[in-house]
Structure formats: C-alpha cells, structure tokens
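One structure is given here, and the rest of the page talks about it.
Please read these numbers as outputs of a predicted model, since none were measured by experiment. The sequence lines fix the lettering, A, B, ..., with proteins before strands; numbering per chain opens at 1.
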Amino acid sequence: MASKATINALIKKGLSKKLAEKVAEYYTLTQLKKVSYEELEEKIGKDAKKVFEKLGRKIEGKEKKEEGKKEKRKGKRRKKEEKEERKIKERTVKDEILKILKERKEYLPPIVVDELAEKIESKKLHNKLRIIVEKAIEEYNKHLMEPFEACGMVAAQSIGEPGTQMTMRTFHYAGVAEINVTLGLPRLIEIVDARKDPSTPMMTVYLEGVYRVNKEKAKEIANKIEVTRLINIAEIETDISNMKVIVKPNLKAMERKDIDMNDLIKAVKKLSKVEIKEGKEKIEILPKDENYRELRRVSEEVKNLKIKGIDGIKRAIIRKEGNEYVIYTEGSNFEKVLELEGVDKTRTITNDIHAIYNVLGIEAARNAIINEAYETLQEQGLNVDIRHIMLVADLMTSDGTIRPIGRQGISGEKASVIARAAFEITVDHLLRAARKGEKDELKGVAENVIVGQPIKLGTGSVELAIDVKKLGKVKK
Amino acid sequence: MKYTRFEKARIVGARALQIAMGAPLLIKPPKGVVDPVQLAMLEFEKGLIPITVRRRGKLIKGPAV
C-alpha cells in the first residue's frame, strides 16, 4: 500500500527514508492523522513515538488528559466566578436588610441576617424582601427572653431533670465500628468538668480529593496514622545464650501496613546503647553492656518500638459513608492528624475538647462543647432544647479558656463568700474571709436566699414608681 | 409601655394590696367580683393603675447593628 506520495510527504516532514517507507506500508497521510498511538506502536514499534513527534501529534493518552485538564480548569474558574458573583449579590441583599433594621430600630443576629440574605438570593425573593424581614423581626422578638428571667436556673433544671433519666452504665462498643466510646452520664460529667483527657478519645477523620473516593488511598492514610509497633510486624526472639535480641520481620504484615525494611532499620537505630547487625532476613540487636538486665530492657523496648503512625492513635478503621470514605480512630492526636495530606481540615473532628481548644481556638471549643453535650443527651433519647446547653457552654468559655463548672472553675471563682461557703468546703472559706475582713455585697442569688432577702431576678428586679400622668387622670 | 411579666406581676400585686387595705377603686366593679387581685388585674388591663416601673440602664437587644 506504500504510496510514493505518502513516502515523500513523510520524508518532507522529517522522517528518515527507511522509517517513512515502513510507515507508508500501513497508512496514508490522512490515516496517520487519525490513528491511535497504540495501534501505530503495534505496527512499527518504538519508532511510533518519533513519527508522532514529526507529525506534530501528541500521544493519545496524554492528549486526552491535557484536554480533560483544560476543561477541569475552565470549570473550576467558572465555579469560582459564579461563587464570587453570588457573594456580591448576597451582600447587596444583606445591605438592604440592614437598612430596614436600622430604620425600624430593630435587631437581628448577624448569622440570621446572613442566612436570610442567602435564602432570598437563592430563591429570588427580592420583591418580598421587606415582608420577610419584618416577619423575621417579629418571630425573633417573640422568642426573646425577658430581661431578669432566671435563665440559669431554667437551664440547670432543663439539663438536670433529663440527667436523672440517663444511665450511669457505659455501653461497650457503642458508636461506630467497635470503637469504645463513653456515653451517658459519665460522658456529660467529663464535658462539664472540662477534663483534660477524656476516657475514650476518638477522632472522625474526613478525607478530601483523591483520598476521599479511592479506597486504596484512604487505606494509605489509615496506615499512616495507626500506630504500628515492631511486635505487630515482626517476630522478636530474645536469645539469652548469645545475649542478643533477634528480630525476624514478617514481610506480609509489613506489606499490609505499607512498611519496608528501611523504615524498620531506621526505627531500630533509634534504640540507645545497642549495636545493630543487619542480616539477610533478620536484624540482630546486641546491648552494649552484656548483662541480663540490659538484655531485658532492650527486649522490652524493641517489642514496643513504634515503627509507623501518629502517637496516640491506637486503631484506625475505614468506613464507607454514602460515597466517601471516612476514618474513625480510637485515640486522638488532633494536631498531628490535621497536618497530613489528604485529611479534610474543615470537617475532621475529635471528642477531646481541650485538643480543639488548642488547635482551633475558643469559639471552636465552645461549639465542640455544645455538640458533644447535645449528642450525648440525644443518644440517650433525651430532647433538651439546645439553648440551655448553649448557656452552659457560653459560661464555661466566657473568659477565653475552658473553665470547669465546679470547685476549681466557675463555682469557685464567685465573688460572694457566702455563696462559695454554701457550695463546698464551708469552714475554710468562712475562716479565710473573716481573717481578711472580706465584704459580701449580696448581689447574687445564693447569698440573698441565705440571708432572707428577695433576689435580684424576676419580680425582685422591679423598682416601682408613681406614674404622675396617670395619677392626674385619677384625681378626676 | 410594654411591661415584662415580672413588672406586670409586681404592679398588679402592689395595687391588689392597696385595694385589699381599703383603697378606692378606679373602675366600676362588675357584679360578684370581690377578689382584690382580680380587681387589680381589671384595672391594669384598662391601663388605669398609676404605678409604673423605673428601668435603669438602656435595654440593649444586641451589639450595635
């Protein structure tokens, strides 16, 4: 089929005479423009690359990828632009709402204003904007508590009463996939006491990008965070007669955890006061001081030697939820796990509230307290209005740190001597106050009740006066 | 003025005490109503009680918008 025209054309394009002849055997120039790289490679071998180069064609697989990438980039850019447009539109709606609020001299919380702006924009309700805002103001005012309402007392009772219905027992294996989590009353006590280490720390790690949908990639991350000790992936023998510890790696186990010999050797080299001999399929560790005690110490250290994983994460379990993979871990190291590539920093959570405080700050800690407490109650089947829990969380985080409710925290920091004495350790407080000559201003509830006066809440907050205008009408 | 329920309770209560101690009524008592609290409530609903509340400080509903 070799047409002379084809051969000449190919030679003109830059192919050698031999190659041109070879190619022209199978294809004409027009066919060459459409043939796939794989097919050409089959027919003429490695030279197909050169042919494609000279013809100015990109190798098919790559070419399609480039096209796909361009489309993706265009799509992303368009999405970004749309998002920005939307934000600008929402801002104009928001400004209108704020204008209405100002002229009516009313108030709505910023988050409500944002949500209204978003909904009005997305559902195109601009013409009904005024009515919507006025209705929102009306509803908001209806839900407001009146000043001097005893909200603390109400909140305490609203949480305490269902608390009596909670179980003291913790269930085993409650929660996802065999991970032990503290539930019920003990957990609520942990939260409210602001304990630094919860008894069952746990993390829910969400993934992003490729890691989110690909099982192998998700497993990669799970292996990166789960702590693997030498004893899990190798046989460890203590050879007493020769005063050494022999480590025989189990290659299958190592492969499952994505560990190679180099990782092993690097970890073993960290041991102190030992000499290391690398064998073919084993590693020999000899303590520098040859006595039984050293040998035993080395043996123990070797067994517990951490090869891979993040400190504190005992187990990592992957689960498929909907169309994404999520990792649940027993044990929590919030800081280190967030640093990993593939981990979605915007959604990953832990139940260790102090960890959230250290990494994400006090507002996040406040939300964590609310969520944890609310979920604990929900799990027990109790429905407590979230505003009571919000009050407790606000109180705990009001000074910028997490203070426990209790003697070491809020209750112990009250200004009134009598209130503190009535709470715990009575005599101490009274003695110390008497020695200092402290004054109790009787501003709070507890001290007024003890002394026998009305408290400054509710009706005790009202100061009556004569209404002179109405009095004038009465005389008539 | 819109009273909170604590203020209303206090006002009605103070007026009821006055009525109970023999103060003249500001409304014409309907037939059969003798309870001072009920009478005070009727007066309150008509807006006739010359007692009001002194509110200290500004009532702020939230951060300045």
Side-chain angles (χ1 to χ4, degrees), chain A residues 94-114 116-117 133 136-151 153-154 387 390 394 443 445 454-476, chain B:
Chain A
K94 190 174 159 188
D95 289 332
E96 278 184 59
I97 299 178
L98 290 175
K99 214 171 45 172
I100 299 177
L101 286 178
K102 202 165 181 190
E103 64 181 62
R104 303 267 258 98
K105 294 218 180 108
E106 292 281 354
Y107 170 77
L108 280 176
I111 202 172
V112 173
V113 174
D114 285 339
L116 278 178
V133 174
I137 295 174
E138 192 186 316
E139 287 290 307
Y140 178 72
N141 286 336
K142 258 201 261 175
H143 278 74
L144 272 186
M145 228 192 302
E146 291 174 322
F148 293 107
E149 176 93 46
C151 53
M153 192 68 232
V154 175
R387 44 179 48 82
M390 284 167 85
D394 280 338
K443 278 200 199 154
V445 173
I455 59 177
K456 299 272 192 292
L457 293 175
T459 33
S461 66
V462 176
E463 202 183 316
L464 292 180
I466 293 290
D467 188 343
V468 187
K469 282 192 211 131
K470 284 198 190 154
L471 195 63
K473 288 194 205 136
V474 168
K475 284 210 169 126
K476 295 193 188 111
Chain B
M1 170 160 74
K2 185 80 169 51
Y3 290 117
T4 66
R5 53 194 214 266
F6 310 115
E7 293 165 341
K8 175 182 174 184
R10 199 71 178 77
I11 293 172
V12 168
R15 183 59 188 147
L17 190 59
Q18 291 177 339
I19 295 173
M21 295 208 284
L25 286 173
L26 297 165
I27 52 155
K28 190 159 175 255
K31 227 173 177 196
V33 182
V34 275
D35 178 34
V37 179
Q38 283 176 344
L39 292 168
M41 290 246 245
L42 290 170
E43 289 186 1
F44 184 83
E45 271 145 38
K46 294 238 170 81
L48 297 167
I49 306 182
I51 304 173
T52 186
V53 173
R54 168 189 264 152
R55 288 192 183 145
R56 296 202 183 271
K58 235 184 354 169
L59 191 64
I60 303 172
K61 259 194 262 195
V65 172

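- The heavy-atom pair separating B/Pro50 from A/Leu471 by the smallest distance is CB-N, 3.7 Å.
- Considering only heavy atoms from C-beta on, A/Leu464 comes within 4.5 Å of B/Ile11 through its side chain.
- Side-chain atoms of A/Glu146 come within 3.5 Å of backbone atoms of B/Arg5 as a donor-acceptor pair (strictly under, hydrogens ignored).
- Annotation: the span from A/Ser461 atom OG to B/Arg55 atom CZ amounts to 10.0 Å, rounded to 0.5 Å.
- Of the atoms belonging to B/Leu26, it is side-chain heavy atoms, and not backbone ones, that fall under 4.5 Å from chain A.
- Atom CZ of B/Phe44 is surrounded by more than 12 heavy atoms from other residues, nucleotides or ligands within 6.0 Å.
- Taken to the nearest 0.5 Å, the OG1 atom of B/Thr52 stands 10.0 Å off from the CD1 atom of A/Ile466.
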